[in-house]
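Input: a single structure, listed below in structure tokens.
One-based numbering, in listed order, for ligands and for the atoms of each. Only heavy atoms go into these numbers, but all of them, side chains included; no hydrogens, no water, no symmetry mates. From a predicted model like this one, the values you see are computed outputs, not experimental measurements.
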Amino acid sequence: MDWTSHIMERIPASGTLKMFELANRLEREGRQVYHFEVGQPDYDTPKNIVDAAIDALKAGHTRYTPARGIPPLLDAIEETYGKRGIKIDGRRNVIVTPGAKMALFGGLYAAIDQGDDVLVLSPAWPTYRVMVRTAGGKPIDVPTSMDYKLDPELLKARANRHVSAIIVNSPNNPTGGVLDEEDLKLIHDVAEDYDFLVFSDEIYDALVYDGFEQKSMLKVDPSMERTMAISGFSKAYSMTGWRLGYAIGNPESINNLVRIQQNTTSCATSFVQHAGIEALRGDQSFIENVRAEYQRRRDRITELFCEIEGIQCANPMGAFYVFPDFSEYGLTSATLAELLLKMVGVCSTPGVAFGTDYDYNLRFSYATDMESIENGLTKLKKYLETFS
Ligand SMILES: Cc1ncc(COP(=O)(O)O)c(C=O)c1O
């Protein structure tokens, strides 16, 4: 008897697992590994947020909450978007979920019919394609440049009446590139022409540099007729393990998500939701400080990459990733990533994980300390010089 359902064929084992296992083995052997593969902030959650969670636990906030989320958190999300000039009704347009991942999964599940095409602006977080397939849809990549610059003609060429949605993600994982308001408008216009939905993953929107302000897709679709914005607390407030995210959309779409949540996770963790209120309403200086530090690291890591002959590296304006192009070295990304890890202990993520068009790129996360950036990249440079 085979106990595995057909749906599991749509959920591949993690493409980066091999790198993790190899890195662990090398570390057990006493080798130094520079971790550039990590996709989470390297800071602890700010103390005021931790204290709010402890207070909420002590106050007995340990039971199920409404599936949609606790009203004061919905109100705090409404307030936060209001300050950015986006008018939403927290109690009708928002659902709080255990992480942005669940918001996206529920949103796609509720919207995709069997066989629907779903455009994915790529390179893209691998989870999008898995989620689309699991929901019965067919992901179709719309490639962008190494720093996520949109090709309007390509987008129009890939759009058609079989498309039910597009997934966009700015600031982007893995490139760190951003979409400006004009790009967002163009995507929305194409979606309107072909009558499909826009899922806008905005989880990195607080991590932007050089004074850039990331506009929400909600700005170009204020009625939320065809837009669902997804965000959360993981990246902005260093709360990856807390599992707290949300979706914002029209009441019908959000109610669908509420029904899914009622029948799956029930709700986001109750005391974590209370901590979320403190995150949004409390002191925001943490974000300012982290942003300044990430900008410093981004400047340095791109500078070091640009010093290496044969590598092209953009200086992206958001998130904490760079996605340099190593095509001059002639090795595909999984082979190169493994080689760099074995030879100089530099652990990165192969570009192919983010789309087949990116098999000569590697993703480097700079959510790591400056010393590792300096030492890791110096070793990388020395090793790559032996290629010529
Ligand atoms: C683009 C993107 N969206 C969503 C997530 C997950 O967010 P959360 O921790 O809120 O589920 C990640 C995490 O790596 C991500 O890179």
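Ion pairing between a basic and an acidic side chain is recognised when a charged N comes within 4.0 Å of a carboxylate O; E27 and R31 show no such pairing. Under a 4.0 Å N-O distance rule, the pair D195/R226 qualifies as a salt bridge. Taking 4.0 Å as the cut-off between side-chain N and carboxylate O, R291 and E293 do not count as a salt-bridged pair. Electrostatic pairing of R298 and D210 counts as a salt bridge here, judged by a charged N lying under 4.0 Å from a carboxylate O.
Using a 3.5 Å distance cut-off with no hydrogens or angles, the side chains of E225 and H188 do not pair a donor with an acceptor. A donor-acceptor pair shorter than 3.5 Å cannot be found between the side chains of T97 and Q261. Donor-acceptor pairing under 3.5 Å is recorded for the side chains of T302 and N315.
Residue T240 has no N or O atom closer than 3.5 Å to an N or O atom of ligand 1. Every N/O-N/O distance between Y321 and ligand 1 stays at or above 3.5 Å. Any N or O atom pair closer than 3.5 Å counts here, and D201 shares at least one such pair with ligand 1. In terms of N/O distances under 3.5 Å, ligand 1 is approached by A100.
Scanning the protein heavy atoms around atom 5 (C) of ligand 1, the nearest turns out to be W125 CH2, 3.3 Å. Counting only heavy atoms of the protein, atom 14 (O) of ligand 1 lies nearest to K235 NZ, 2.8 Å.
Using cut-offs of 30° and 60° for the angle between ring planes, the F326 and Y329 rings count as tilted.
Looking at S234, S365, G99, it is S234 that brings a heavy atom closest to atom 9 (O) of ligand 1.
In this structure, W242 has no heavy atom closer than 4.0 Å to ligand 1.
In Y204, the part holding a heavy atom less than 4.0 Å from any atom of ligand 1 is the side chain. Contacts between Y128 and ligand 1, counted as non-hydrogen atom pairs separated by less than 4.0 Å, involve the side chain only. Under 4.0 Å from ligand 1, the heavy atoms of R243 that appear belong solely to its side chain. With a heavy-atom cut-off of 4.0 Å, M102 does not touch ligand 1 at all.
The cationic atom of R297 (NZ for Lys, CZ for Arg) does not lie both less than 6.0 Å from the six-membered ring centre of Y294 and within 45° of the ring axis.
Those atoms of ligand 1 with a heavy atom of N169 less than 4.0 angstrom away are 1 (C).
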